[in-house]
Amino acid sequence: MKSIAIHTVMTLLSLSYSATSSAGISWCESGASNNLSALRNEVRQKLLPESRAIERVHTEGTLPHQGIWDQSVEAEKDWPVMRDLALLWRQQHQSEDLNTLSRLLSDWGTRYQPSFNPIDETNLDAYIDAYAISRDDLSPTVRKTAEQFIRALGEGYLTRMERDFRLSDGRWINNWNSHRVKLATLAAAALSDDSMWRRARTQYQAHLNRNLYADGTTVDFEERDALHYVVYDLEPLARAALAARLRNEDWLDMKNGQRASLEDALDWLAPYASGEKIHEEFVHSRVRFDYQRRDAGLPGYAGIWDKQLASNLYAMAARLNPKYLQLSSQLQPLRGWMAACWSK
């Protein structure tokens, strides 16, 4: 593996978070009403009379029908529903939406026990989003439950990054850590916790130092030979950078020891996302599980990379820098919660 220099973490201006910053940026910027019907349909399709809350989910490193994979995938359907309900509540103020959201936030917040496996838990960003969007309208009891859960999640990931990091274990420098950084950063922003925020910023910087090479390529690409994992690595970093905008901080251009940034990584990937270049996926992967998934027939683990898989990434990138707007518009239109937040 190429050597990456570690340098002193830069000091950035720390500003207190609010639901709407002094720059007028909110957690979800638009809430475009023309996308709410699609959200309503998604909720109707996924919502059950009772929550699916369980104590643990686990899909990482397993295939369908192995272990608790199937149960976990079913349970996780509640997570995006919470975010959808929060968006619907904010725009339409139907009491049933807030009541259902409150029940789901409480059930998951009291029953689920974080494993701090970031691959299993990365989609809990939807829980944090739901809280951040609806926070001021939640009852004191529900709000307290959600805040305690989000704090336990964020503090747990921060503590593990600070205490357990081992350079010899690739999971602390590859996409796994991108997802840790995302969850910790969103938790700190949602809770308006300055101490947590400083720690999250430090971990974002440290991850850039370990994960990005001078040319903008990632550790994941070197190891997996797959743009699938470049996107999987950069999406959580883009979400963290969007949270940083709420505090008037620019994490898109934050440099690591080799003067590489998230922006450089996005620029490196851009010719593939535009279709100018193509890449055959996983041909030289060093990870056996990639071949197991290919042999099991899971899509995306062989053949030419589908550039549409970068749609969400460049939608986020376009919010960080308008130079990505044209590329984002060439990819699939925003759908689901992103369309409800960002389409104008």
Side-chain angles (χ1 to χ4, degrees), residues 42 45-46 52 54 56-81 83 115-126 169-183 211 217-239 265-266 268-269 271-275 277-316 331-338:
E42 288 186 25
Q45 291 172 11
K46 295 180 180 178
R52 301 174 174 90
I54 55 179
R56 174 177 174 261
V57 300
H58 182 57
T59 57
E60 176 270 320
T62 60
L63 296 170
H65 317 311
Q66 290 181 349
I68 61 170
W69 194 96
D70 294 345
Q71 181 186 9
S72 298
V73 169
E74 177 63 22
E76 286 184 39
K77 291 178 181 178
D78 274 355
W79 298 355
V81 165
R83 179 166 50 205
S115 66
F116 301 106
N117 179 321
I119 306 306
D120 288 338
E121 296 180 339
T122 186
N123 291 329
L124 278 171
D125 60 353
D169 186 340
R171 293 173 296 181
W172 293 98
I173 62 176
N174 65 12
N175 65 87
W176 281 56
N177 213 54
S178 292
H179 294 283
R180 291 187 188 98
V181 168
K182 177 190 75 172
L183 291 169
N211 184 264
T217 56
T218 66
V219 165
D220 299 79
F221 185 69
E222 182 185 45
E223 183 178 28
R224 313 301 278 267
D225 188 27
L227 300 181
H228 171 105
Y229 271 96
V230 175
V231 172
Y232 198 50
D233 197 8
L234 299 183
E235 275 189 349
L237 298 182
R239 280 233 64 192
L266 290 164
W268 178 88
L269 180 63
Y272 298 97
S274 69
K277 295 182 178 181
I278 61 172
H279 179 75
E280 189 171 356
E281 294 284 83
F282 296 101
V283 174
H284 303 293
S285 176
R286 302 173 189 168
V287 178
R288 182 172 174 236
F289 188 52
D290 292 338
Y291 302 110
Q292 291 175 336
R293 287 184 287 191
R294 178 200 64 193
D295 295 342
L298 297 185
Y301 291 92
I304 301 300
W305 179 66
D306 180 3
K307 66 180 184 178
Q308 300 301 335
L309 296 175
S311 297
N312 287 348
L313 173 60
Y314 281 99
M316 289 188 279
L331 298 170
Q332 289 176 347
L334 290 178
R335 291 176 289 184
W337 73 272
M338 284 190 174

Roughly how far apart are [X] [atom1] and [Y] [atom2], rounded to 0.5 Å?
X    : Y    : atom1 : atom2 : value
Y232 : T218 : OH    : OG1   : 14.0 Å
I173 : E223 : CD1   : CD    : 8.0 Å
N123 : L183 : CG    : CG    : 9.0 Å
L266 : Y314 : CG    : OH    : 5.0 Å
E281 : D290 : CD    : CG    : 9.5 Å
N312 : M338 : CG    : CE    : 4.0 Å

Tell me, please, which residues at least two apart from [X] pass side-chain hydrogen bond (donor to acceptor under 3.5 Å, both in side chains).
X    : result
H228 : none
D220 : N175, N211
S274 : none

- [ ] Just jot down the salt bridge (Lys or Arg N to Asp or Glu O under 4.0 Å) partners of R171, sequence neighbours excluded, or say none.
- [x]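 Salt bridge (Lys or Arg N to Asp or Glu O under 4.0 Å) list for R171, sorted by chain: D169.
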Task: Any residue meeting salt bridge (Lys or Arg N to Asp or Glu O under 4.0 Å) with R239, in chain and number order, not counting sequence neighbours - done: D125, D129
Open item on the list: Could you go through W79 and R83, starting from their C-alpha distance and side-chain angles, then the distance that decides it, and tell me whether this counts as side-chain contact (heavy atoms from CB on, under 4.5 Å)?
Closed with: CA-CA 7 Å; W79 298 355; R83 179 166 50 205; over 6 Å; no
Qualifying residues under side-chain contact (heavy atoms from CB on, under 4.5 Å), relative to [X], sequence neighbours excluded:
X    : value
A302 : R294
S311 : Q308, L331, Q332
P236 : S178, H179, K182
L63  : Q66, F289, R293, A296, L298

Task: ring-ring contact (aromatic ring centres under 6.0 Å, His included) involving W172 - partner list, sequence neighbours excluded - done: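 W172 satisfies ring-ring contact (aromatic ring centres under 6.0 Å, His included) with no residue once adjacent residues are dropped.
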TODO: Please name all residues satisfying ring-ring contact (aromatic ring centres under 6.0 Å, His included) with W268, sequence neighbours left out, ordered by chain then number.
DONE: F221, Y272
Return the minimal non-hydrogen interatomic distance between [X] and [Y], and the atom names on each side.
X    : Y    : answer
M316 : A238 : CB-CB, 4.1 Å
A315 : L334 : CB-CD2, 3.2 Å
L309 : W305 : CD1-NE1, 3.9 Å
I54  : V57  : CD1-CG1, 3.8 Å
A273 : K307 : O-CD, 3.2 Å

TODO: State whether a side-chain donor-acceptor pair under 3.5 Å links E222 with T217.
DONE: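 Result is no, nothing qualifies.
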Open item on the list: Side chains of W337 and P80, heavy atoms from C-beta outward: is any pair under 4.5 Å?
Closed with: no
Task: Pairwise side-chain contact, D295 with Q292, heavy-atom cut-off 4.5 Å (strictly under) - done: no
Whether [X] side chain and [Y] backbone form a donor-acceptor pair below 3.5 Å:
X    : Y    : answer
T62  : T59  : yes
E121 : S115 : yes
Y229 : F282 : no

TODO: For residues 58-77, pull every pair meeting salt bridge (Lys or Arg N to Asp or Glu O under 4.0 Å), keeping only residues two or more places apart or in separate chains.
DONE: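 For residues 58-77: R52-E74, E74-K77.
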